[in-house]
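Side chains are part of it too, since the values below use all heavy atoms of this structure and drop only hydrogens, waters and symmetry mates. Both ligands and their constituent atoms are indexed starting at 1 by order of listing. The first residue in the sequence is number 1, and the count goes up from there.
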Amino acid sequence: MSYRLTVLGTGYLGATHAACMAALGFEVLGLDVDPAKVARLQAGELPIHEPGLEELLQRGLESGRLRFTTSYEEAAEFGDVHFVCVGTPQKKGEYAADVSYLDAVVESLAPYLTRECLVIGKSTVPVGTAQRLADKLTRLAPAGDQVELAWNPEFLREGFAVRDTMHPDRIVLGVVSDKAEKVMREVYESMLAEGTPLIITDYPTAELVKVAANAFLATKISFINAMAEVCEAAHADVKDLSLALSFDERIGGRFLNPGLGFGGGCLPKDIRAFMARAGELGADQALTFLREVDAINMRRRARMVDLARELAGGSFRGCTVGVLGAAFKPNSDDIRDSPALDVAVKIREQGGKVTVYDPVALGNARKAHPTLGFGSSALDAARGAHVVLLLTEWQEFIDLDPERLGDVVAARKIVDGRNALDAETWRASGWHYRALGRP
Ligand code: UDX
């Protein structure tokens with residue numbers, strides 16, 4: 001049997017999941033409570049920048065297998081399997097995650113569930129949420145315990161969302177019955193056929209796998225950035241250190257790039273929500289190290305500002321700063337908790353004249369920070385700059401010609417916040433090159 005799928009919530013995760021499931025041949029109905037978003041998606045227009053996704057969306061719409069709606073009644077009627085993909089942002093003024101969107105989905109969908117179906121949670125949640133939502137579902141759904149919940153965390157990276165969805169590293173499934181496993185094996189058949197490992201477990205373990213993975217990645221990044229702090233104090237070179245560590249197969253080189261640290265809609269808020277939840281469970285001591293991971297990460301931004309100020313001659317007053325990068329990482333237009341914008345804003349607050357350029361995130365950056373200056377290209381942002389800062393390692397910045405950039409700036413001074421440039425090449429062109437954690 002080919003199941004009919006719904007995807008509830010069409011943000012980063014949901015839009016990607018819906019388009020990918022349609023590409024796999026399923027009939028898919030995407031739902032969002034935002035009618036403007038639904039209208040754009042239905043018109044084949046992707047509200048976010050994600051390589052390859054818009055084409056997939058358009059192909060899905062053309063095939064007739066993919067549609068979007070705002071109606072929960074329609075979704076309940078349509079779906080055999082409902083994927084829940086709404087966000088769980090950080091609560092204002094607290095570390096904990098706000099799971100109210102998940103509760104809203106369950107409360108809106110359940111009253112229309114009159115037949116057997118499966119609800120699959122994909123959002124990142126505090127451990128214990130799945131059991132609570134499962135109880136709520138069976139309580140509110142007319143079909144009662146014919147409605148079953150499973151938890152299937154998503155590990156996709158922005159910028160690689162389509163690839164990560166179609167060819168995941170692993171599939172984790174928290175279930176309470178064999179039925180959910182059977183259905184999910186059919187839905188993910190193509191991935192399992194490629195040999196993708198499948199881990200079947202209980203709800204709390206499935207929920208924890210996701211936050212544990214993100215906590216590990218954040219820790220790895222902060223580890224190398226802590227080494228960068230020590231390297232600076234000891235006049236050592238963290239880039240060489242990181243390279244040397246990477247050849248130890250037990251350590252590995254990925255997520256070991258020292259620099260401005262992590263941002264985005266996931267890692268920062270996920271480690272904070274994890275600490276908050278551990279506290280509620282009486283296991284806060286187990287995760288106190290994540291406080292340090294967070295602190296190291298935030299210190300990178302402050303250090304970047306200090307280094308820029310040092311190059312500016314001790315003060316930003318009367319100083320023009322060219323900022324390359326606004327997105328929290330390359331190949332994305334996402335500016336949520338972007339280290340680059342955080343640095344740009346701090347420098348502006350300290351009196352610097354800041355001009356930012358980013359290949360795709362300028363629109364979002366301008367909306368969020370209308371008082372910053374914006375350029376139409378890397379050269380434009382750097383024009384007349386006393387200091388240039390590379391804060392997001394887009395390939396086009398790595399490919400910049402130091403001579404051409406050098407012709408437009410007021411002074412050949414650059415801070416490489418991502419350790420992405422070849423220091424020798426830039427120095428050979430007369431640039432004063434500095435990077436975090438390097439002599
Ligand atoms: C992350 C997880 O990788 C993904 O599995 C999860 O589902 C969601 O959160 P994402 O937020 O898209 O994905 O970004 P990721 O590629 O993990 O990068 C996170 C941040 O870490 C970026 O700001 C990046 O610049 C930074 N980073 C990454 C480093 O500073 N150094 C590194 O070595 C790697």
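For the 3.5 Å distance criterion, the side chains of Lys269 and Thr88 qualify, holding a donor opposite an acceptor.
A salt bridge links Arg336 with Glu158: at least one charged nitrogen is closer than 4.0 Å to a carboxylate oxygen. Between Asp103 and Arg132 there is a salt bridge, since a side-chain N of the basic residue sits under 4.0 Å from a carboxylate O of the acidic one. Under 4.0 Å is where a charged nitrogen must lie from a carboxylate oxygen, and between Lys182 and Glu186 at least one such pair does. The existence of a salt bridge linking Arg301 and Asp337 is confirmed by a sub-4.0 Å separation between a basic side-chain nitrogen and an acidic carboxylate oxygen. Residues Glu349 and Lys346 are not paired through a salt bridge, judged by the lack of any N-O separation under 4.0 Å between the basic side chain and the carboxylate.
At a 3.5 angstrom cut-off on N or O pairs, Lys329 counts as close to ligand 1. Between Phe155 and ligand 1, an N or O atom pair is found at a separation short of 3.5 Å. Backbone and side-chain nitrogen or oxygen atoms of Cys266 are examined, and none is located within less than 3.5 angstrom of a nitrogen or oxygen of ligand 1. Checked against a 3.5 angstrom limit, the closest N/O atoms of Leu217 and ligand 1 fall outside it. Between Glu393 and ligand 1, not a single N/O pair is under 3.5 Å apart.
Taking each of Thr392, Asn331, Leu267 in turn, the one with a heavy atom nearest to atom 1 (C) of ligand 1 proves to be Leu267. The option from Asn214, Ile221, Leu13 that lies nearest to atom 6 (C) of ligand 1, judged by heavy atoms, is Asn214.
Not a single heavy atom of Gly264 sits less than 4.0 Å from an atom of ligand 1. Judged by the shortest distance from any of its heavy atoms, Lys220 lies outside the 4.0 Å radius around the atoms of ligand 1. Every heavy atom of Arg254 sits 4.0 Å or more from the atoms of ligand 1. Within the 4.0 Å heavy-atom shell around ligand 1 one does not find Gly259.
Here the protein heavy atom with the shortest distance to atom 33 (O) of ligand 1 is Asn257 N, 2.9 Å. Nearest protein heavy-atom contact of atom 20 (C) of ligand 1 is Phe262 CB, 3.5 Å. Of the protein's heavy atoms, Arg157 CA, 4.0 Å lies nearest to atom 13 (O) of ligand 1. The protein heavy-atom contact nearest to atom 32 (C) of ligand 1 is Phe255 CA, 3.7 Å.
In this structure, the side chain of Arg348 does not engage the main chain of Val354 through any donor-acceptor pair within 3.5 Å. A donor-acceptor pair under 3.5 Å is formed between the side chain of Asp422 and the backbone N or O of Thr425. Side-chain atoms of Glu207 come within 3.5 Å of backbone atoms of Thr129 as a donor-acceptor pair (strictly under, hydrogens ignored).
Near Glu158, meaning under 4.0 Å from any of its heavy atoms, are these atoms of ligand 1: 12 (O). Using a 4.0 Å cut-off to heavy atoms of Leu256, the atoms of ligand 1 that qualify are 33 (O). Near Glu154, meaning under 4.0 Å from any of its heavy atoms, are these atoms of ligand 1: 7 (O). Of all atoms in ligand 1, numbered sequentially from 1 with element shown, those under 4.0 Å from a heavy atom of Leu156 are 4 (C), 6 (C), 7 (O), 8 (C).
The neighbour count for Arg404 CZ, taken as heavy atoms of other residues, nucleotides or ligands under 6.0 Å away, does not exceed 12.
Separating the CG atom in Leu8 from the OH atom in Tyr72 is a distance of 5.5 Å, to the nearest 0.5 Å. One distance of note links CE of Met21 with CG of Leu66; it measures 11.5 Å at 0.5 Å rounding.
When non-hydrogen atoms are compared, ligand 1 lies under 4.0 Å from the side chain of Arg418 (C-beta onward) but not from its backbone.
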